[in-house]
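Each chain gets a letter, A, B and so on, in the order the sequences are listed, and its residues count up from 1.
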2 protein chains.
Amino acid sequence: MDHKTGACRAWELMTRFWLVQRGHLPAVAAEFDLSPVQVHVLYLLEPDRPVPMGRLAEALACDASNVTGLVDRLEARGLIERQPASFDRRVRVLALTPSGTRVRTQLQRRLSAPPKRFDRLSAAERQALARLLERLLD
Amino acid sequence: MDHKTGACRAWELMTRFWLVQRGHLPAVAAEFDLSPVQVHVLYLLEPDRPVPMGRLAEALACDASNVTGLVDRLEARGLIERQPASFDRRVRVLALTPSGTRVRTQLQRRLSAPPKRFDRLSAAERQALARLLERLLD
DNA sequence: TATTGTTATACTCTATAACTATA
DNA sequence: TATAGTTATAGAGTATAACAATA
């Protein structure tokens, strides 16, 4: 019982954290003049790692038709571009433009900046947390 | 330096987790025939804890005008209801209906169910994680 | 005067269904 | 035949500006 309770408590807190952060995303996105989903897309597109459009739909858990418009608007802003895929002529892969790469770098820095309440944990505790999360997230 | 790196690594992983979960939300919401933001609203409305509409806008980091339509649709489905606020006649507070309370309970159970990869951590590690997260989230 | 919530408007996000090109 | 992506369409989510009621 303690076993199960412990697991649930930790996961419950992870869920709470996730939903609180979800509430912060619109404001963070607005700092970059982006929408929440645009932030998510940019986050998923790592530099020099083109992603097929279908893979994006999977990661966002949305319909493929939705990705078309999403990509249209990001492409119109010059942040990403469609490229043909060498392995299959039906597939279009997405790559960051130089401009998109710069925005993504700033975004990553912004998202990775720990909030001030992180000070509550000592260096050792932070490392312990990082190790636990690493094992949890692959 | 180790200090700062440790903090960033842990937070970076929290951020990664958050965005991965964000990708899962549409599918979870669909299980309940809800949209992601509707799940978020229901999660924020605890039973017997009426919330002013303006507070909801804050928590979602969205404009107040947006909350009107959001609440309209949830109210039309009989999950929540607007009530007058005793302390200020301009304010409308939101409360779960009995039906909304039931849906929220199921939702909470669904969201709190730890994924199978939680097995990677021992009971002691899960407790340690829960303790660290508790201190981090207030 | 300032604030809470609504309305009108416009644009983005999203899914469904039908389509094109390729496999 | 099956799959990747697009188009057309409709509805939900979102912000801005103007408004009504109340503080």
Indicate, with a heavy-atom threshold strictly under 4.0 Å, whether [X] touches base, sugar-phosphate, or nothing.
X	value
Arg55(A)	nothing
Ser65(A)	base
Ser35(A)	sugar-phosphate

| Residue closer to the 5' end of DNA chain D, Gly69(A) versus Asp88(B) (nearest nucleotide) | Gly69(A)
| query | Do the charged groups of Arg126(A) and Asp119(A) touch, with an N to O distance under 4.0 Å? | reply | no
Round to a whole Å and report the spacing from [atom1] of [X] to [atom2] of [N].
X	N	atom1	atom2	answer
Asn66(B)	dC11(C)	CG	P	17 Å
Gln38(B)	dT14(C)	CD	C1'	13 Å
Arg73(A)	dA10(C)	CZ	P	18 Å
Gln83(A)	dA4(D)	CD	P	19 Å
Asp63(B)	dA8(C)	CG	P	16 Å
Leu60(B)	dA15(D)	CG	C1'	14 Å
Leu70(A)	dG5(D)	CG	P	14 Å
Leu34(B)	dT14(C)	CG	P	16 Å

| query | Picking from dA15(C), dT6(C), dG5(D), which would you name as closest to the side chain of Cys62(A)? | reply | dA15(C)
| request: Please confirm whether any donor atom in the side chain of Arg90(B) sits under 3.5 Å from an acceptor in the base of dT3(C), or the reverse. | output: yes
Donor-acceptor contacts, no H, no angles, side chain residues 24-35 of chain A, under 3.5 Å, sequence neighbours left out:
residue: Glu31(A); atom: OE1; partner: Arg110(A); partner atom: NE; Å: 2.8
residue: Glu31(A); atom: OE2; partner: Arg110(A); partner atom: NE; Å: 3.4
residue: Glu31(A); atom: OE2; partner: Arg110(A); partner atom: NH2; Å: 3.0
residue: Ser35(A); atom: OG; partner: Gln38(A); partner atom: N; Å: 3.3
residue: Ser35(A); atom: OG; partner: Gln38(A); partner atom: OE1; Å: 3.4

| Between Phe87(A) and Ala64(A), who's closer to the 5' end of DNA chain C by nearest nucleotide? | Ala64(A)
Does a nitrogen or oxygen in the side chain of [X] sit under 4.0 Å from OP1 or OP2 of [N]?
X	N	answer
Arg89(B)	dA21(D)	no
Arg92(B)	dT4(C)	no
Arg82(B)	dT6(C)	yes

| request: Take Val37(B) and Arg22(A) through the side-chain contact (heavy atoms from CB on, under 4.5 Å) test and state the conclusion after the steps. | output: CA-CA 9 Å; Val37(B) 69; Arg22(A) 185 181 188 279; 4.2 Å; yes
| Are a donor atom and an acceptor atom from the side chains of Arg104(B) and Gln108(B) found within less than 3.5 Å of each other? | yes
| said: Closer than 3.5 angstrom, by distance alone: can the side chain of Arg92(A) be matched with the main-chain N or O of Met53(A) as a donor-acceptor pair? | reply: no
